[in-house]
2 protein chains.
Amino acid sequence: MTEGVSRPTLEAVAARAGVSRATVSRVVNGGDGVREPLAERVRQAVAELGYVPNQAARSLVTKRHDAVAVVIAEPETRVFTDPFFALQLRGISKELTAHDNQLVLLLTEGRDDHARVARYLAGGHVDGALVFSLHLDDPLPGLIHDAGVPTVFGGRPHWGDQVAGSTRPTGEDPGVVYVDCDNRGGARAAVRHLVGLGRTRVAHLTGALDQTSAVDRLDGYRDVMAEVPGGNDPRLVVESDFTPAGGERAMRGLLDRCPDVDAVFAANDLTALGALRVLRASGRRVPEDVAVIGFDDMLPVAMEADPPLTTVRQEIEEMGRLMARLLLRGLAGGRDRTGTTVASAPAGGVILPTTLIRRASA
Amino acid sequence: MTEGVSRPTLEAVAARAGVSRATVSRVVNGGDGVREPLAERVRQAVAELGYVPNQAARSLVTKRHDAVAVVIAEPETRVFTDPFFALQLRGISKELTAHDNQLVLLLTEGRDDHARVARYLAGGHVDGALVFSLHLDDPLPGLIHDAGVPTVFGGRPHWGDQVAGSTRPTGEDPGVVYVDCDNRGGARAAVRHLVGLGRTRVAHLTGALDQTSAVDRLDGYRDVMAEVPGGNDPRLVVESDFTPAGGERAMRGLLDRCPDVDAVFAANDLTALGALRVLRASGRRVPEDVAVIGFDDMLPVAMEADPPLTTVRQEIEEMGRLMARLLLRGLAGGRDRTGTTVASAPAGGVILPTTLIRRASA
DNA sequence: ATGAAAGCGCTAACAT
DNA sequence: ATGTTAGCGCTTTCAT
């Protein structure tokens, strides 16, 4: 661990090139309005001295940081057993990098961290925030909103959508920007596929219902089942929690109450995995006796399952990219001279499509 | 996406409290040498105005950033199908947060990104770096070393350890600090367990051998097998790549050449998963006919495998914490008045122990 | 113990 | 087109 000596400043470059600081600054920041021979001399000096601008000094005057925070609020362990966030991060990172922005990662483990994050965001260290908050009762979105930082949410946030039955939730804050996948549409496609297979007793193992994704998938299931004769048997819906253990539990309960079930739509791949195991243990064959579909296309789980899982894929990385792009666009487009951000990002949500991936389980 | 108005400055707080800027600064930074009544007035003003220090201005004078970069160099997809980095990140984040440091995440996808990262690090935006680079031929560690930023590596880096047979690799750069798990010892424990079970034909499916972890695990396997009669049959070692598909391929090859194999130590859980499937397809029972052990204790893979996987667990999150702690300690301890870092972090590597987790597969 | 003042390195008016 | 200059908000001597 060695420390370099103090780095050259604009001043030093200016001296070396025999110009003023302002000229160097111009060249370094794009070089408009500097004649070529001079600009070249400056670039020379920059290269020779290995000059790198001091970001702190720059931010101090520009009030820009070229940095955005990624806030992941997840007290549960799910984040860390699921490549979901890793993929989102990759997408975000790629997009940010392409626009010379840095990614400041803020992980929160619970209530205590919320204050810290809110303070950081309110402190104006970053130009904007990308926020993941999966739980309906999470105060973080509100805190962040109050912090007044331009924000894009990952996954539909909960505000004011008590009416779970509507396609576009009522009371949605028009100023809130978010990116999500088409949970409801994906669920519909899955259940339709099952019904199309001729299955008549199609069950649903839900996700944790304090997350909008779980609610939306349940809604999608109901959309289709409402049109199927005998499809609204409430016993076919079992609440679970997105985990394999939860999937097992739910599947066992389901088998008890509805031994005649011939298809299962699980809220995610992990849940499907648990269901698969219980089905196997019960002597049922998949997909012959019971067809199973998951959600996420979480690799390697889906592909390595036995049998390989038919599932609804969401383009996770693309969601990340999109979030970053929306935020950056908002930042670039915004800000009139009073410092107020001009509305330029699309308000409301952007929903990415899902695709049904057919493998062996359904 | 709304923008707040400009935030209060030190000046404003000073005016409000009726003191000088210097006094406010003292209170904000710990408050030594300010008498209580006055200090309290300042704290009042800070609270009333909701003052948060401007980090850019502060960094400009202190030359500290209270931020460290986490560099993850991983062109492969492995990072994103494996909760490994997510867990490390969590550990790092916790430790950093506890010391009021921010985490700047730098993901690299290939050579192009290396220059960018090197520039960023050399640019003095962060106080130090935590670097993950899994591949032996990766130029990044070298670049980072040249950048002169205090650094702690995750996983033993490759420099000068061509002599794979020694416990402490010769030629190890004494200035390099890294944290790793005891890959070799863990491998030994796994293989010893297999041998203790009475297995005589114990095979090893290696990881990608351009990664030190794979090499070390192979070495551990060889350590034990060298003492077993007939243990150095080269056909029992099959090169693989840490993926399930690779595990399948390797296992098939192994079965062809050594149908009498009765135990397999896979370089990681994913590889074991592939092996498990091939074994099942070949009609062999696990563990009765062939015992299988993995490495990582990667959940949910290991626990949800069929049968649940006996494996070598490494404390991934703890490794992350430790890396951060070492870096921070080096930063805090270091720096005499000339700005040169005083050696205070332990040179060389810190190796965390592994534990064998017994489940059903061996 | 407190205040006054000098920058940290940079950008952005404003001159020329 | 280029140079001069005034800060950005903070910490840190140096006086008092």
Side-chain angles (χ1 to χ4, degrees), chain A residues 4-43 45-46 49-67 100 122-125 127 335 337 339, chain B residues 4-43 45-46 49-67 100 122-125 127 335 337 339:
Chain A
V5 286
S6 60
R7 302 180 299 106
T9 69
L10 244 204
E11 182 94 53
V13 177
R16 174 120 189 171
V19 299
S20 74
R21 282 171 14 221
T23 299
V24 178
S25 177
R26 285 175 189 123
V27 172
V28 170
N29 296 305
D32 320 318
V34 177
R35 257 194 276 271
E36 199 34 62
L38 237 199
E40 186 51 34
R41 265 211 341 258
V42 172
R43 273 185 233 108
V46 166
L49 265 39
Y51 169 75
V52 184
N54 179 319
Q55 187 60 42
R58 178 180 279 173
S59 294
L60 188 53
V61 29
T62 62
K63 275 121 171 49
R64 291 221 34 162
H65 303 263
D66 296 320
D100 268 308
H125 300 285
D127 302 323
R335 289 168 218 265
R337 57 189 58 187
Chain B
V5 285
S6 60
R7 302 178 302 107
T9 68
L10 245 204
E11 182 94 51
V13 177
R16 176 120 191 170
V19 299
S20 73
R21 282 169 15 218
T23 299
V24 179
S25 176
R26 285 175 190 123
V27 172
V28 169
N29 297 303
D32 320 318
V34 178
R35 258 194 276 271
E36 199 33 64
L38 237 198
E40 186 48 37
R41 262 205 352 252
V42 172
R43 273 185 233 108
V46 166
L49 265 40
Y51 169 75
V52 183
N54 179 320
Q55 187 59 43
R58 178 180 278 175
S59 293
L60 188 53
V61 26
T62 61
K63 274 122 173 48
R64 289 221 36 160
H65 304 262
D66 296 318
D100 267 308
H125 300 283
D127 301 324
R335 290 168 217 266
R337 57 189 57 188

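All heavy atoms count here, side chains included; hydrogens, waters and symmetry mates do not.
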Whole angstrom value for the distance that separates C1' of D/dG9 from CG of B/Leu49:
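In whole Å, D/dG9 C1' lies 15 Å from B/Leu49 CG.
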Measure the distance from CZ on A/Arg41 to P on D/dA1 and round it to the nearest whole Å.
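Computing the A/Arg41:CZ to D/dA1:P distance gives 17 Å.
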Indicate the atoms forming the closest heavy-atom contact of [X] with [Y], along with that distance.
X       : Y       : result
A/Leu49 : A/Pro8  : O-CG, 3.3 Å
A/Val34 : A/Arg26 : CG2-CB, 3.7 Å
B/Leu60 : A/Ala56 : N-CB, 4.0 Å
B/Arg21 : B/Leu10 : O-CD1, 3.8 Å
A/Val42 : A/Val13 : O-CG1, 4.3 Å

Side-chain N,O (B/Thr23) to OP1/OP2 (C/dG3) below 4.0 Å
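Looking at the OP1 and OP2 atoms of C/dG3, one of them is under 4.0 Å from a side-chain N or O of B/Thr23.
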May I ask you to test the A/Asp66-A/Arg64 pair for a side-chain heavy-atom distance under 4.5 Å?
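Counting from C-beta outward, A/Asp66 and A/Arg64 do come under 4.5 Å.
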Any chance you could list the contact pattern along nucleotides 8-13 of chain C? Use B for base contacts, S for sugar-phosphate-only contacts and - for none, protein heavy atoms under 4.0 Å, 5' to 3'.
BBBBBB
Taking five pairs at each end of the helix from C/dA1-D/dT16 to C/dT16-D/dA1, what angle separates the two helix axes (nearest 10°)?
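Helix axis angle between the two ends: 40°.
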With sequence neighbours left out, write down each residue that passes side-chain contact (heavy atoms from CB on, under 4.5 Å) with B/Arg58, or none if nothing qualifies.
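Counting only residues at least two positions away or on another chain, B/Arg58 forms a side-chain contact (heavy atoms from CB on, under 4.5 Å) with B/Val28, B/Asn29, B/Pro53, B/Gln55, B/Thr62.
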Determine, step by step, whether A/Thr9 and A/Asn54 satisfy the side chain to side chain contact (heavy atoms under 4.5 Å, CB included) criterion, reporting the C-alpha distance in whole Å, the side-chain angles of both residues, the deciding distance to 0.1 Å, and the verdict.
CA-CA 8 Å; A/Thr9 69; A/Asn54 179 319; over 6 Å; no
